[in-house]
There are 2 protein chains.
Amino acid sequence: MFHVVKYVPALAMLAAMTRRTPRADALTCEVVELLGEVVRRYHDDYDRAAADYALTGAQARVLALLAYGPTPMRRLADRLKCEPSNVTGIVDRLVARGLVERRADEADRRVKLAAATAEGLRTATELRDSLGDFAREPLGRLAETDRRALRDLLHRMLDGGTEPAAL
Amino acid sequence: MFHVVKYVPALAMLAAMTRRTPRADALTCEVVELLGEVVRRYHDDYDRAAADYALTGAQARVLALLAYGPTPMRRLADRLKCEPSNVTGIVDRLVARGLVERRADEADRRVKLAAATAEGLRTATELRDSLGDFAREPLGRLAETDRRALRDLLHRMLDGGTEPAAL
DNA sequence: TATTGTTATACTCTATAACTATA
DNA sequence: TATAGTTATAGAGTATAACAATA
C-alpha cells in the first residue's frame, strides 16, 4: 500500500507571503492553549457518547439537529458545513438504522426532509443527556459562582446571537 | 451507490439501560452549550489554517507535535489517540511533501523517529501563529481583565497538569 | 436558468488483523 | 514472548463534478 500525495495546491507559499505575524501576547496564548484542552476533552466526550450508541460523530450531530424537527438535506449540509453530497450518505446510514426517515416537502417538491423517527428522537434525547459527562467531570469542579462567571465571559466573547448547537 | 450499515453492535440498548439521567441544571447546560460553540469555532479556525497550507487536520496536528522534536511513531499514535497503523499513512504523506523525515533510533532499532524537516518546522511555526486567528476574533473581544479571569477559571476547571496541546 | 438532491469518483482518516524486525 | 512499525483491507467522512427533477 502506497501513501502518495496526489495534488498539492500552491497555497502554502501564498499563505506564507500573506502572513502577518500576529504573535499574540503570553496571556492570550495561555488562554488559547487552555481552550484547546477544553476542545479536546469536549470532543472526546462527545465521540465516546456517540460510540455508546454505535453512532459516528457526524451521525450524532445530524440526529441532534433533527431533534429540532424535520430538516431539508440542504440545510443539514449548511449546518454541518459540508457538501450536500455527504449528507446523502450520512442520512442513508441513519435511515438504514431506523433512526431517520425521508419525507417529501409539500411546498417545494425538490426538497426532501430528513426527520427523526420515534426511536431516533429517543436516541437523540439520551445522547444529549450523555453530554452531562462533560458537565460532571471538568465543569463540575467549578462552584456555581464560577460557572456563572464562566457563562458571562463566554457570552461576552461569543456575543453575536448564534443558532442552537449542532456539535 | 448504496450506503449500508454493515455492523451495528447491540450497545444502544445497553447504554440506554445504564443511563442515569443526570439532567444538569439550566446554568450548567448553558455553559456546556457555550463551550460547544467555542469548540465549533476553534475547530473551524484550526482546519481553515491547516487548509491554507494544504494540510489536513491530522497532518497539522502531527506537524505541531514534531515541532517539539523527533518522536517515535508509537508516541504519535498515543498523542493522536489513534492506532499506530494510521500514523504510518499520515507521516507518509508529510514525508511525500518534504515536511517530515523518518530517522532510526540508535537505542532501540525497532523504533523509527518522525522528525520535521527545516521546511516542516517553518510550516509548523507559521501554522501555530495562524491560531492567532482565534485569538484575534472571539478572544480579542475580551479585555485583559476578562482574559485573565477566563484563564483562571479554565485553570481551575482543568486543574490536573496536562501535556502540551496537540490539537 | 437556478436550485435540490443524488450518483460517481477519489482522497483521507479510522480500526482491525496479519506480518516483519527487533527486543 | 512482547513490542514497534508496516501492510492490507474495509468503513466512514469529505470534496468535486455531473446529473435528474423541479422551480
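Quick note on labels: first sequence line is chain A, next is B, and so on, each numbered from 1.
Residues meeting the salt bridge (Lys or Arg N to Asp or Glu O under 4.0 Å) test with B/D44, sequence neighbours left out: A/K81. With sequence neighbours excluded, the residues satisfying side-chain hydrogen bond (donor to acceptor under 3.5 Å, both in side chains) with B/R102 are B/D92. In this view, B/T28 and A/R147, B/D25 satisfy the side-chain hydrogen bond (donor to acceptor under 3.5 Å, both in side chains) rule, not counting sequence neighbours. With sequence neighbours left out, B/E144 forms a side-chain hydrogen bond (donor to acceptor under 3.5 Å, both in side chains) with B/R148. Applying the salt bridge (Lys or Arg N to Asp or Glu O under 4.0 Å) test to B/E101 and every residue at least two apart in sequence or in another chain returns B/R103. Listed by chain and number, the residues in a side-chain hydrogen bond (donor to acceptor under 3.5 Å, both in side chains) with B/R151 amount to none (sequence neighbours excluded).
An angle of 10°, rounded to 10°, separates the two end axes of the helix from C/dT1-D/dA23 to C/dA23-D/dT1, each defined over five pairs.
A straight line from CE of B/M73 to C1' of C/dT22 spans 16 Å, rounded to a whole angstrom. Atom P of nucleotide D/dG11 and atom CG of A/L94 are separated by 17 Å, given to the nearest angstrom. Atom NZ of B/K112 is separated from atom C1' of C/dT22 by 11 Å (rounded to the nearest Å). Per the geometry, CG belonging to B/D47 stands 15 Å off P belonging to C/dT12, to the nearest Å. Note: CG (B/D78) to P (D/dT3) measures 13 Å, nearest angstrom. Between the CZ atom of B/R74 and the C1' atom of D/dT3 there is a distance of 8 Å, given to the nearest Å.
Apart from B/L121 itself, the hydrophobic cluster it occupies contains nothing, where clustering links Ile, Leu, Val, Met, Phe, Trp and Tyr at side-chain heavy-atom distances under 4.5 Å. Think of B/V111 as one node in a network of Ile, Leu, Val, Met, Phe, Trp and Tyr side chains linked at under 4.5 Å; its network also takes in B/L113.
For residues 108-118 of chain B, the pairs satisfying side chain to side chain donor-acceptor pair (under 3.5 Å) are B/D108-B/R110, with sequence neighbours left out.
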Within the sub-3.5 Å range, which N or O atoms of nucleotides 19-23 of chain D have a protein N or O partner, and how far apart are they?
residue: D/dA23; atom: OP1; partner: A/R109; partner atom: N; Å: 3.0

Kindly give the atom pairs (protein nitrogen or oxygen, nucleotide nitrogen or oxygen) under 3.5 Å for nucleotides 13-20 of chain C.
residue: C/dC13; atom: OP1; partner: B/T56; partner atom: OG1; Å: 2.3
residue: C/dC13; atom: OP2; partner: B/R93; partner atom: NH1; Å: 2.3
residue: C/dA15; atom: OP2; partner: B/E83; partner atom: N; Å: 2.8
residue: C/dA15; atom: OP2; partner: B/N86; partner atom: ND2; Å: 2.6
residue: C/dA15; atom: N7; partner: B/N86; partner atom: OD1; Å: 2.8
residue: C/dT16; atom: O4; partner: B/S85; partner atom: OG; Å: 2.6

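Listed for the B/R97 side chain is a donor-acceptor partner under 3.5 Å among the backbone atoms of B/A54. A distance-only check finds no donor-acceptor pair linking the side chain of A/E37 to the backbone of A/L34 [under 3.5 Å].
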